[in-house]
Amino acid sequence: MHHRLEVLVKELREMGLLVGVGSLLSWDQETYMPSGAIGVRSEQSALLASLVHEKFTGDRFSGFLSDLMNSDMDDFSNSEKRLLMEVHRDWKRAICLPTSFVSEYSQLVSHAQHVWQEAREKSDFTLFQPHLEKLVEKSREKAAYIDAQKPAYDVLLDTYEPGMTTAYLTPLFATLREGLVEILHRLPSHEDVLSDRVFPVDKQWDFGIWFLTQMGFDFSHGRQDKSTHPFTTQFHPHDVRITTRLDAHHVMDGFSSTVHEGGHALYEQGLDPAWFGTPLGEAMSLGIHESQSRMWENKIAKSASFWKGQYGRFQALFPEALSDINWETFYKAVCRVKPSLIRVDADEVTYNLHILIRYELEIALMDGTLKVSDLPAAWNKKYEDYLGICPPDASQGVLQDVHWSCGLFGYFPTYTLGNLYAAQFFEKMKEEILDLDGCISRAEFAPITSWLRKNIHGVGRGKTPQELVKDVTGKSLSQEAFIAYLLGKYL
Ligand code: ZN
């Protein structure tokens with residue numbers, strides 16, 4: 001490797017270590033930290049974040065980077081060029097925002113989050129409205145700092161899903177919406193046979209750990225704990241933490257969350273440690289990350305093959321709750337589809353309609369065609385049109401998600417992109433892994449994990465999501481594989 005590039009990589013690795021320390025503090029805050037420590041913890045986290053920011057945007061690092069960017073690119077291999085391009089992209093985004101804007105924005109967000117919580121509890125949108133107006137305005141400003149030539153929403157979207165544009169996404173999502181609405185109308189309804197049954201949480205924990213082990217989650221380089229909101233965090237590919245939330249009355253919620261976070265964690269454990277701290281050792285995008293969690297959660301752990309093969313093991317853990325239910329009845333309950341108001345509780349068919357609603361509203365807010373004051377009515381109208389239900393109040397409607405109060409515009413589409421990527425990858429995997437259904441049925445997941453390692457995890461940010469999809473599946477991203485998968489599974 002070029003000597004100056006080696007120096008840059010060493011600097012990035014140090015920043016990666018610092019970021020990891022910050023993430024470890026956040027993990028602790030969500031799991032074991034005593035509540036009285038919150039004051040000092042916020043100080044610690046803010047200090048680390050500013051150290052990393054100063055290091056990354058300071059003269060020393062900026063000098064190394066511009067030297068390299070100005071040198072003869074023929075001196076570098078393709079992956080080294082790619083690394084430089086991605087570091088430069090991150091660096092440009094980090095230096096373009098004036099310090100005064102960053103501090104004003106972060107104060108606005110922390111205040112808005114606080115007000116949003118209160119507004120949600122009181123189900124009163126008017127409390128949150130002036131803050132959301134400010135957030136929309138500041139987000140437009142932020143986008144203009146990053147790239148004034150592009151529409152604001154495209155700039156924000158590109159933050160989470162590099163290379164993605166509304167010009168590509170809007171027609172894709174419109175076709176997807178038609179397909180989903182049609183499936184929804186044709187679906188038979190199933191009884192919820194699992195309600196009123198009790199599943200001891202220690203046995204739920206054991207089943208989750210068993211599944212993670214089968215997935216290839218490496219417990220010598222990771223662990224699972226409990227938290228109010230399940231999440232995955234990583235300090236290095238050799239230390240990846242997940243959390244879950246278990247409830248004796250909702251057995252599938254806890255299991256799904258373990259598997260979902262397990263999918264995220266497997267991706268992080270599969271990144272190349274040799275490139276730690278650099279873009280080549282980082283996850284490609286939020287959408288690709290979500291494709292990993294969703295694939296394990298929906299296509300594997302909620303598949304007929306899995307439950308046909310493993311229901312006996314599950315039933316033996318919960319003899320009292322499940323003695324009168326066979327695997328087919330259980331599977332139908334697991335895959336029950338019913339339009340509901342809350343996104344995070346939605347089934348796999350209706351989930352994306354929740355996302356499409358937010359996507360359409362966000363674009364309208366950002367380009368000014370929808371006023372924030374008209375947002376609750378627009379929200380309700382779309383729920384009526386797409387899902388046939390109407391929120392009785394704002395807390396079950398427009399105020400349900402935390403994202404907008406954090407200034408996260410352009411983030412929601414990555415959830416649906418994750419589902420579309422997952423379907424397309426899974427279709428390809430089916431062609432390439434002999435007897436994939438048999439493997440899933442026997443819970444022998446090693447061929448799946450190694451396929452994901454080889455095709456997706458090890459790539460890091462070495463490609464854009466669109467390039468990855470094309471290279472792995474031979475096709476550009478579309479809704480086709482996902483709609484075909486839903487039709488096969490549900491109709
Ligand atoms: Zn996720």
Side-chain angles (χ1 to χ4, degrees), residues 23 26-27 30-31 157 159-162 164 208 211-212 215-217 222-235 237 240-246 250 252-271 282-303 334 340 342-356 358-359 400-404 406 408-426 445 448-449 452 456-457 460-461 465 468-469 477 482 485:
S23 305
S26 307
W27 170 84
E30 299 295 322
T31 50
L157 181 62
T159 311
Y160 309 109
E161 203 62 18
M164 191 47 78
F211 193 95
L212 289 170
M215 283 171 85
F217 180 87
R223 53 178 286 135
Q224 179 179 250
D225 291 84
K226 291 176 190 163
S227 71
T228 322
H229 302 289
F231 64 92
T232 300
T233 188
Q234 69 292 330
F235 320 132
V240 181
R241 313 284 175 101
I242 61 172
T243 67
T244 192
R245 173 179 53 190
L246 303 174
H250 297 99
M252 281 310 290
D253 289 0
F255 178 57
S256 301
S257 120
T258 294
V259 176
H260 182 100
E261 301 309 330
H264 282 306
L266 219 55
Y267 186 9
E268 292 291 339
Q269 288 186 337
L271 292 169
E282 272 170 12
M284 190 173 288
S285 73
L286 288 183
I288 296 296
H289 228 306
E290 197 65 7
S291 77
Q292 300 307 292
S293 55
R294 288 264 158 186
M295 181 185 293
W296 282 103
E297 180 190 357
N298 290 324
K299 293 185 175 53
I300 298 168
K302 287 186 185 166
S303 67
V334 164
S340 61
I342 305 296
R343 175 184 63 88
V344 293
D345 298 335
D347 57 76
E348 172 177 35
V349 177
T350 58
Y351 185 86
N352 297 290
L353 291 169
H354 290 261
I355 300 302
L356 300 189
R358 286 151 180 75
Y359 172 70
Q400 68 181 266
D401 286 312
V402 70
H403 302 60
W404 289 341
C406 307
L408 295 174
F409 298 96
Y411 186 108
F412 279 116
T414 65
Y415 291 122
T416 287
L417 284 169
N419 289 322
L420 303 186
Y421 294 141
Q424 219 162 308
F425 291 146
F426 197 69
F445 302 138
I448 299 177
T449 304
L452 294 171
I456 296 164
H457 300 172
R461 283 167 63 190
L468 181 75
V469 170
L477 176 69
F482 183 61
Y485 154 74

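Basis for what follows: all heavy atoms, side chains included, without hydrogens, waters or symmetry-related copies. All ligand and atom numbering here is 1-based and tracks the order in the structure. Position 1 is the first residue of the sequence; numbering continues from there.
For the pair R241 and F231, the cation does not sit on the ring face, since its NZ or CZ is not both under 6.0 Å from the ring centre and inside 45° of the axis.
Contact record, D401 with F412: OD2-CZ, 3.6 Å, taken as the closest heavy-atom pair.
H289 pairs in a ring pair (Phe, Tyr, Trp, His ring centres under 6.0 Å) with only one of the listed residues (Y415, Y267, Y421), which is Y267.
The nearest N, O or S atom of E261 is not closer to the Zn ion (ligand 1) than 2.8 Å. Among the backbone and side-chain atoms of H289, none of the N, O or S atoms lies under 2.8 Å from the Zn ion (ligand 1).
The N, O or S atom of H260 lying closest to the Zn ion (ligand 1) is NE2. E290 contributes OE1 as its N, O or S atom closest to the Zn ion (ligand 1).
Remark: R343 does not engage D345 in a salt bridge, criterion side-chain N to carboxylate O under 4.0 Å.
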